[in-house]
Amino acid sequence: AVRRYVLCEVLSDDPRCRQCIEDRAVGLAVRDAIGRVHGDYGLACCSISFTVKYLNAYTGTVLLRCRKDSYRLLCSALPFVRYLESRAQRYPCALNTLHVGGTIRTCQKFLIQYNRRQLLMLLQNCTNEEERQCIRKSLLSCSLTEEQSQSGDEEDDGTE
């Protein structure tokens, strides 16, 4: 099956929202949004091979996988995610789509460049030398090593 990977970031003003960024909560919030926007038909189309492939609660980065023929339905529903729910608590948030790729690796490469750009913006706003040194160190660590790229989880269908 040909797939698409949608790289998103979770944006929230509520610091407690980070605690509830987990596969299940994100998956349910996305499915709920698809159901509201596209109804049962859209939900059925998107549910085939839909999964939260990667999640980093610390950075708020989420990688979603879906079939190639339904990624537009998925992407069009993402702006309608309004909250993540955990332990009967709702935390307001939004999902910002960063990149859509044909492989996990293209999304990794995009994320590295995106993080580098974000760090450069932070570097320009530094107020002292100590902050500058910390951000320079972070910038130098933005690279994809061979070890990481051969995780075996790559599902390359030949299209980018």
Side-chain angles (χ1 to χ4, degrees), residues 1-14 17-87 89-121 138-139 141-160:
V2 181
R3 300 189 172 110
R4 282 292 171 263
Y5 296 89
V6 181
L7 184 65
C8 306
E9 65 181 341
V10 178
L11 305 173
S12 179
D13 293 332
D14 190 339
C17 185
R18 289 262 188 245
Q19 306 166 57
C20 72
I21 299 176
E22 52 193 32
D23 294 21
R24 190 177 165 278
V26 172
L28 286 171
V30 171
R31 282 187 177 92
D32 177 61
I34 295 167
R36 285 195 325 266
V37 176
H38 299 296
D40 292 342
Y41 173 76
L43 187 57
C45 288
C46 290
S47 291
I48 303 166
S49 98
F50 170 79
T51 186
V52 178
K53 199 70 178 153
Y54 168 81
L55 189 141
N56 185 329
Y58 181 69
T59 61
T61 306
V62 178
L63 186 66
L64 307 172
R65 184 190 76 193
C66 65
R67 284 183 35 211
K68 183 180 178 181
D69 57 6
S70 61
Y71 85 92
R72 284 185 185 90
L73 287 173
L74 171 69
C75 289
S76 65
L78 291 177
F80 295 92
V81 172
R82 295 188 208 112
Y83 58 83
L84 291 179
E85 197 164 333
S86 180
R87 295 175 207 85
Q89 286 284 318
R90 284 186 173 182
Y91 300 98
C93 71
L95 285 183
N96 178 27
T97 303
L98 299 174
H99 182 74
V100 178
T103 65
I104 293 173
R105 184 158 171 86
T106 58
C107 291
Q108 280 180 320
K109 286 179 180 177
F110 174 85
L111 189 57
I112 289 165
Q113 292 306 316
Y114 176 78
N115 286 339
R116 185 174 282 157
R117 284 193 303 272
Q118 297 293 94
L119 286 167
L120 282 168
M121 283 175 15
S138 294
L139 270 167
S141 71
C142 285
S143 65
L144 188 62
T145 63
E146 280 305 307
E147 188 181 337
Q148 286 174 308
S149 68
Q150 297 181 0
S151 63
D153 197 20
E154 187 60 40
E155 297 181 26
D156 196 338
D157 56 41
T159 59
E160 296 287 320

Student: With rounding to the nearest 0.5 Å, note down the distance linking OH in Tyr71 to CG in Leu64.
Tutor: 14.5 Å
Student: On a heavy-atom basis, which atom in Ser12 and which in Asp14 lie closest, and how many Å separate them?
Tutor: OG-N, 3.1 Å
Student: Is there a side chain to side chain contact (heavy atoms under 4.5 Å, CB included) between Asp32 and Tyr83? Walk through the geometry before answering.
Tutor: CA-CA 10 Å; Asp32 177 61; Tyr83 58 83; 4.0 Å; yes
Student: How about OH on Tyr54, more than 12 heavy atoms from neighbouring residues, nucleotides or ligands closer than 6.0 Å, or not?
Tutor: yes
Student: Give every residue pair that meets the salt bridge (Lys or Arg N to Asp or Glu O under 4.0 Å) criterion with at least one member in residues 19-29, sequence neighbours excluded.
Tutor: none
Student: What's the shortest heavy-atom distance between Arg31 and Leu43, and which atoms?
Tutor: O-CD1, 3.4 Å
Student: Of all the heavy-atom pairs spanning Ala33 and Val81, show the shortest one and how long it is.
Tutor: CB-CG2, 3.8 Å
Student: Can you check whether Leu63 reaches Leu111 side chain to side chain, under 4.5 Å on heavy atoms?
Tutor: no
Student: In Å and rounded to the nearest 0.5 Å, what is the OH to CG distance from Tyr114 to Leu98?
Tutor: 5.0 Å
Student: Specify the closest pair of heavy atoms between Leu78 and Cys8, including all atoms of both residues, with the distance to one decimal.
Tutor: CD1-SG, 3.7 Å
Student: In Å and rounded to the nearest 0.5 Å, what is the OG1 to CG distance from Thr59 to Asn115?
Tutor: 7.0 Å
Student: How about Arg36 and Arg82: do any of their side-chain heavy atoms sit closer than 4.5 Å?
Tutor: yes
Student: Any chance you could measure Thr51, atom OG1, to Tyr5, atom OH, to the nearest 0.5 Å?
Tutor: 10.0 Å
Student: If you take all heavy atoms of Leu84 and Ala25, which pair is closest and at what distance?
Tutor: CD2-O, 3.8 Å
Student: Quick one: list whatever passes side chain to side chain donor-acceptor pair (under 3.5 Å) with Ser76, sequence neighbours left out.
Tutor: His38
Student: Would you indicate whether the side-chain heavy atoms of Val30 and Phe50 approach each other to under 4.5 Å?
Tutor: yes
Student: Between Arg65 (side chain only) and Ser49 (backbone N and O only), is there a donor and an acceptor less than 3.5 Å apart?
Tutor: yes
Student: If you measure from CZ on Arg67 to CZ on Arg3, what distance do you get to the nearest 0.5 Å?
Tutor: 10.0 Å
Student: Under the side chain to side chain donor-acceptor pair (under 3.5 Å) test, which residues partner Glu85, sequence neighbours left out?
Tutor: Arg90
Student: Please report the interatomic distance CD1(Ile34) to OG(Ser70), rounded to the nearest 0.5 Å.
Tutor: 8.0 Å
Student: For Arg4, run the side-chain contact (heavy atoms from CB on, under 4.5 Å) check against Asp69, Val100, Leu74 and tell me which one passes.
Tutor: Val100
